[in-house]
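For reference, the structure is listed below as structure tokens.
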Amino acid sequence: MRRFALIAVPYAWLLALFLVPFIIVFKISLSDLALAIPPYTPTMRDGIGDMFAAFDFENFVFLTEDDLYWRAYLSSLRIALVSTFVTLLVGYPIAYGMAKAPDEWRATLMMLVILPFWTSFLIRVYAWMGILSNEGLLNQFLLWLGLINEPLVILNTNIAVYIGIVYTYLPFMILPIYAALDRLDESLNEAAEDLGCSRMQAFWLVTIPLSKNGIIAGSFLVFIPALGEFVIPSLLGGSGTLMIGKILWEEFFNNRDWPVASAVAVVLLLILVIPIVLFQRNQQKQAEAEQ
Amino acid sequence: MKNSIMGSVAAAAVMATSAIADEVRVYNWSDYIDESLLEKFETETGIDLIYDVFDSNEVLETKMLAGGSGYDVVVPSGTFLQRQITAGAFQKLDMAKLPNSGNLWDVIEDRLKKYDPANEYAVNYMWGTTGIGVNVNKVKEVLGEDAPMGSLALIFDPANMEKLAACGVHFLDAPAEMIPAALAYLGEDPDAQDVETIEKAEPVLSAVAPHVQKFHSSEYINALANGDICVAFGWSGDILQARDRAAEADNGVEIEYNAPSEGALMWFDNMAIPVDAPNPDAAHQFINFIMDAQNMAAASNYVYYANGNKASQEFLEEDVIGDPAIYPNEATLEKLYTTSPYGPKVQRTVTRMWTKIKSGT
């Protein structure tokens with residue numbers, strides 16, 4: 001009985017916060033556009049039997065007929081992959097530095113990584129608009145240094161989107177890597193060096209493999225939300241930034257086509273399920289290895 | 001004992017209803033009111049005003065069609081108003097509760113009939129045109145003294161846009177505004193409803209889209225005022241607000257607004273009450289308060305948009321009522337066109353076309 005209760009809690013959570021909303025979205029994706037409240041048909045009011053009879057998959061077929069959607073999914077994947085990689089490149093040295101720092105410093109460093117979360121995410125992204133704009137801080141500074149003669153156009157380009165994503169998700173990369181490095185036994189590195197490794201080799205052959213789980217966890221924590229990101233591309237991105245989050249917005253708000261918007265969301269979820277399952281496996285393996 | 005419990009329950013219930021009755025939730029466009037009016041409304045009526053803003057009709061419409069928005073007064077533009085009336089999103093206004101409706105301007109009410117045929121669901125809040133805002137000095141620097149500032153050629157001729165790209169151009173992220181403008185530039189009917197004509201706008205917009213820094217419907221106010229961009233195709237009052245902000249900041253930025261000489265879109269933003277508004281009584285009070293001649297004038301004086309209130313005109317400042325960019329003269333009025341809502345199929349074509357224009361795919 002106790003065991004049942006223990007299992008029931010997470011499953012109830014999953015049911016209430018994932019499965020039920022998903023079923024609602026999936027149901028809408030099978031319906032048709034209507035000019036009414038709510039803007040689709042059929043609804044429960046038409047009777048359950050009639051509702052099921054009217055369901056069809058034409059919205060999913062529609063997604064395959066226009067290459068816009070595939071391009072948007074691919075472009076989102078590319079942006080998410082590149083930003084995850086850059087976040088890793090930036091985050092790893094920071095996590096490494098934190099792990100190597102003297103004990104009395106660590107709490108402060110950890111605090112500094114978490115500190116930005118005390119400000120609203122939206123305000124921080126808006127701040128980047130101020131930094132990156134043509135008349136912004138960065139351009140003013142570079143002009144003042146004499147490095148450039150014309151302001152660089154960064155805001156409203158994909159570069160600004162990358163900067164925004166890397167900045168926003170950096171702590172999600174640093175924290176798991178730091179956790180992995182923190183547990184690392186320093187004597188392993190010493191042993192490697194005793195056995196003839198240079199410091200660099202010891203880093204590549206010992207430290208990196210042993211922090212693998214942190215790297216994987218951090219990468220998924222960045223990649224998964226970056227893929228469906230909407231706020232950053234809409235505020236920092238330009239007209240050429242094609243991301244599925246924006247397409248979803250357009251279907252929902254511009255076309256008022258909730259059924260097609262729902263179909264886009266269902267497909268996005270299916271794409272995300274693969275990395276989520278991989279992530280889950282990795283976590284499980286890690287847990288088993290630790291036992 | 002039992003009685004006193006019942007009594008306090010009843011008292012609590014009364015307090016709860018009166019708490020609800022004392023609150024009105026208004027959803028209006030951003031940068032669209034003199035905020036001191038909000039306080040004035042609260043002091044005059046004792047009703048708590050919760051004022052919330054949006055910057056696109058699409059966001060409002062999605063909330064209306066989802067139902068249960070919780071708002072008592074919303075401000076959709078003409079075509080959106082018409083579609084939402086059809087969807088059953090609004091309740092008829094109770095004119096008995098709107099004694100100030102005598103202040104309305106018949107000219108505007110007449111034009112509004114295109115969207116609300118009996119003037120029974122909405123009253124006009126403000127109206128304006130869609131046109132071109134320029135940073136005069138920067139545009140002259142780029143295109144020379146004889147730059148066509150008042151013509152759509154400024155933004156639709158790729159030769160001009162190529163040069164302007166360096167100092168920054170923003171377009172509205174609103175296909176229902178941009179496509180009619182492109183059609184007007186081509187000399188086609190801006191209110192075309194057939195896909196064939198609408199598609200003629202695509203090559204015009206696609207040719208200049210690579211030179212547009214951003215498609216956005218509210219950022220251009222600040223961007224123009226700060227000198228971050230030199231041209232914006234946007235709403236008249238927004239550009240005039242940018243002009244004022246720049247003048248206040250005294251940063252050497254001089255902004256000018258022109259309704260395009262090829263014809264400009266005339267639009268109407270109108271106050272309406274959602275069918276499921278929690279407090280329709282207070283909603284009527286708010287609308288009536290805004291329709292007061294002096295209050296409406298204060299709002300227009302602040303945001304530089306013309307309103308649909310005849311009685312307010314005597315309280316308007318000279319730089320509002322006397323500015324042809326806000327209250328166009330007869331000749332310009334004749335060149336202003338209105339548009340109708342697209343049907344769902346055409347809407348999909350328009351949105352798809354817009355995505356293609358913006359992203360190149």
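Just so it is clear, the model here is predicted, and its values are computed rather than measured. The analysis underlying the following values was restricted to heavy atoms, covering all of them including side chains, and did not include hydrogens, waters or symmetry mates. Here is how names work: the chains are called A, B, and so on, in the same order as the sequence lines, proteins then strands, and each is numbered from 1.
Using a 30° and 60° split on the angle between ring planes, B/W29 and B/W235 fall in the perpendicular class, above 60°. Between B/Y27 and B/F54, the ring-plane angle classifies as tilted under the 30° and 60° cut-offs. Using cut-offs of 30° and 60° on the angle between ring planes, the pair B/F233 and B/F156 is tilted.
Of the atoms belonging to B/E219, it is side-chain heavy atoms, and not backbone ones, that fall under 4.5 Å from chain A. Looking at A/Y40, there are no atoms closer than 4.5 Å to chain B (heavy atoms on both sides), in backbone or side chain. For chain B, the nearby parts of A/L35 are the backbone and the side chain; heavy atoms of each come within less than 4.5 Å. Contacts of B/V212 with chain A are made by backbone atoms alone, with heavy-atom separations under 4.5 Å and no side-chain atom involved. Heavy atoms of B/D228 lying under 4.5 Å from chain A belong to its backbone as well as its side chain. Heavy atoms of A/T241 lying under 4.5 Å from chain B are absent altogether. Contact of B/E61 with chain A is made through the side chain alone, with heavy-atom distances under 4.5 Å. Contacts between A/E251 and chain B at a heavy-atom distance below 4.5 Å involve the side chain alone, from C-beta outward.
No side-chain donor from either of A/N255 and B/R352 sits under 3.5 Å from a side-chain acceptor of the other.
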